[in-house]
Participant: 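Pasting a structure here, questions to come.
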Amino acid sequence: MYMVLLCWRYLKTRYLAFACIISVMLGVATLIVVNSVMNGFSAKLRNLLHGVVSDVVIEGHGMDGFTDPYGKIARIRKDPYLNEQIEAMAVTLEAFAMVQFQNQATGEMVTRPVRVMGIDVDSRSKVGGFWQNLHSYKVQKEKNEKNHTDTALPPASFTIPKHVEDAYLRIEEGVEQDRFIDSVFPKKDDPKLDGFGIPEGLKDLFKEDAKEKKDKLPPPMPVPHNPRVPKGAIVGHLIAHFKFRDPNTGEVKEAEAIGPGDTIVITTVSGQRLTPVYDSFVVTDYFRSEMSEYDANSIFVPLDHLQHLRNMENRGSNILIRLKNYDEAAKVTDKLREMFGRTLLVHTWEEKQGPLLKAIEIEKRILNVLLFMIIAVAGFGILAIFSMIVSEKTRDIGILKALGASSGGILRIFLGYGLLLGVVGAGMGTILGLSITWNINEVEHVLAAATGGDVFDKTIYYFNEIPTQVSPYAVTVVNIGAMAIAIVFSILPALRAAMLHPVQALRYE
């Protein structure tokens, strides 16, 4: 009991010990906040990546892709194990391209590189990560949640608006009629012609033969005309929008560059000869996954149309697979690799995004090691304070030993004192760290107002709030580490005090 009382008395009377407590507290709080923010970014990134990439991807070796993708799907379905594990599959055709459109906000023509993907909306929606990321889906879902309604969510579709289709039909008909008239009848202002646009020499011939040929000639056939209406396209949100800072308010706002119903021109290359091919499309929706890499570069068009445009009928570049249980992904990929050998590449989504995920993990580990040095600094403070206490309390230690205190008891007093400093510092640091983490966005606003600059610049990061995720395991490890450091740095002074002989200690005084 006397050991606890002495530890508590030293803690209250030694105000220098509060410097160690504050050091431990700040170190623990910093580690908790940084870990939570890093976990939040990592978890959000993993969710977003998994949301836009299927569980398993089968892909070809080059831009030409591979032949007979639906035959390969049928072959996969014939395998009993794979058929049991696979929930859905979809074929895609991907290519690098250039898109050109007129910016509604500035009126300028914009040309930028993109990745065009031919998909079948029904099968692509079944493998996940597509329908749920469409702008129309998210808007209707938010309305349902806000108004507590259950209005049907709009399906993914390349169907262009009816009024846009009618407009294209009218334009096409007018163009074709003008071309027909110009090609058949010369211009009326030609001096060689009369006012009716017919050569003078042919007039009499037409009059003489009119009666004779009236009953013999069949009525004229209508001019053949197949009006062309562009196909629909789903455009990445960051292609169709751009962010800017309002000069009056300083707020980051978003403006629309192209909207639904606007026309874009996509230029890519054919799959065989690599010759340029292009076509116009009408924007039908936006793709918003909150992953800037995809939202700023992806355009989705009908699969069959892109295959025809690129002269790649019955070819695909990827087969996306959604599993019923992702825990079986390793076995499924091994089975698929065995089935297709070296002709096709098979990856899980984690293997495909491996470098990015590993880079984040390595960065988090290095950061934790560096931040633990803050607590180590507090440990050296504990070592210095305890050494000073042992020097000052040599006489008291001698009296305690003369009264019967054992060397182990003296050792436990100082180790307990170090543990108490670690527990109090870690506890206060945990409270501070969790408070900052749970209110990180409010803290960011306060710091931004105090410093006059954004701590979290929304023009750089796509999402508008700092993501956080508190890991109980990480909080526990940080607390245990802080208390362990406090105990370790108190061992040397404690051993020095425990080894003091009572007679020598009293004689020293």
Participant: Counting only heavy atoms from other residues, nucleotides and ligands, does the tally under 6.0 Å from NZ of Lys231 exceed 12?
Facilitator: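 Open.
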Participant: Assign the ring pair Trp349 / Tyr326 to parallel, tilted or perpendicular, where the plane angle (0 to 90°) is split at 30° and 60°.
Facilitator: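 The rings of Trp349 and Tyr326 sit tilted, inter-plane angle from 30° to 60°.
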Participant: Between Thr348 and Ala329, which heavy-atom pair has the shortest distance, and what is it?
Facilitator: CG2-CB, 4.0 Å
Participant: Taking side chain to side chain contact (heavy atoms under 4.5 Å, CB included) as the criterion, tell me which of Pro155, Pro161, Ser157 meets it with Thr159.
Facilitator: Ser157
Participant: Please report the shortest heavy-atom distance between Asp79 and Met339, naming the atom on each side.
Facilitator: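 Taking Asp79 first and Met339 second, the nearest heavy atoms are CB-CE, 4.0 Å.
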Participant: Rounded to the nearest 0.5 Å, what separates atom CD in Gln132 from atom OG in Ser125?
Facilitator: 7.5 Å
Participant: Looking at side-chain heavy atoms only, is the closest gap between Val91 and Asn318 below 4.5 Å?
Facilitator: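 With C-beta onward as the side chain, the pair stays apart.
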Participant: Counting C-beta onward and ignoring hydrogens, is there a side-chain heavy-atom pair between Asn314 and Thr67 closer than 4.5 Å?
Facilitator: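 Not touching, per the 4.5 Å side-chain cut-off.
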Participant: Give the minimum heavy-atom separation between Asp55 and Leu323, together with the two atoms involved.
Facilitator: OD2-N, 2.9 Å
Participant: Below 6.0 angstrom between ring centroids: does that apply to Phe281 and His305?
Facilitator: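 Aromatic pair counts; centres sit under 6.0 Å.
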Participant: So Asp295 and Phe287, do their side chains get closer than 4.5 Å, heavy atoms only?
Facilitator: yes
Participant: Measuring only between side-chain heavy atoms, which start at C-beta, is Asn103 closer than 4.5 Å to Phe242?
Facilitator: yes
Participant: From His347 NE2 over to Leu336 CG, what is the distance, rounded to the nearest 0.5 angstrom?
Facilitator: 12.0 Å
Participant: Answer whether the closest heavy-atom distance between the side chains of Phe101 and Ile239 falls below 4.5 Å.
Facilitator: yes
Participant: Measure the shortest side-chain to side-chain distance between Leu345 and Ile58 over non-hydrogen atoms and say whether it is less than 4.5 angstrom.
Facilitator: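 The answer is no, as the side chains (C-beta and beyond) never meet within the 4.5 Å cut-off.
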Participant: Hey, are Lys352 and Glu59 close enough for a salt bridge, meaning a charged N less than 4.0 Å from a carboxylate O?
Facilitator: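 A salt bridge links Lys352 with Glu59.
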Participant: Can you find a side-chain donor-acceptor pair between Ser471 and Asn35 that sits under 3.5 Å?
Facilitator: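 Per modelled atom types, Ser471 and Asn35 side chains form no pair under 3.5 Å.
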Participant: Hey, could you give me the CD/CD1 distance between Gln85 and Ile76, rounded to the nearest 0.5 Å?
Facilitator: 13.5 Å
Participant: Do Met109 and Gln100 have side chains that get closer than 4.5 Å, going by heavy atoms?
Facilitator: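 They are in side-chain contact.
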Participant: Any non-hydrogen side-chain atom of Leu434 less than 4.5 Å from a side-chain atom of Ile32?
Facilitator: yes
Participant: So, do His241 and Tyr286 have ring centers that fall under 6.0 Å from each other?
Facilitator: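 That pair passes the under 6.0 Å test.
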Participant: Rounded to the nearest 0.5 Å, how far apart are CG of Leu93 and CG of Leu306?
Facilitator: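 One finds 4.5 Å between CG of Leu93 and CG of Leu306.
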Participant: Which atom pair, heavy atoms only, marks the closest approach of Leu134 to Ala156?
Facilitator: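 Heavy atoms only, the tightest pair is CD1-CB, 3.5 Å.
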Participant: Can you see which heavy atom on Gln469 is nearest to which on Ala43, and at what distance?
Facilitator: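 Reported closest heavy-atom pair: OE1-CB, 3.6 Å.
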Participant: As a quick check of understanding, evaluate salt bridge (charged side-chain N to carboxylate O under 4.0 Å, His left out) for Arg337 and Asp334, giving each step before the final call.
Facilitator: CA-CA 5 Å; Arg337 288 165 184 159; Asp334 290 342; 3.7 Å; yes
Participant: Considering non-hydrogen atoms only, spot the tightest contact between Arg124 and Leu320 and give its length.
Facilitator: NE-CD1, 3.5 Å
Participant: Between Phe130 and Phe300, does the ring centre distance come in under 6.0 Å?
Facilitator: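 Centroid separation for Phe130 and Phe300: below 6.0 Å.
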Participant: Mind checking the CG-CZ spacing from Asp68 to Arg75? Nearest 0.5 Å is all I need.
Facilitator: 10.5 Å
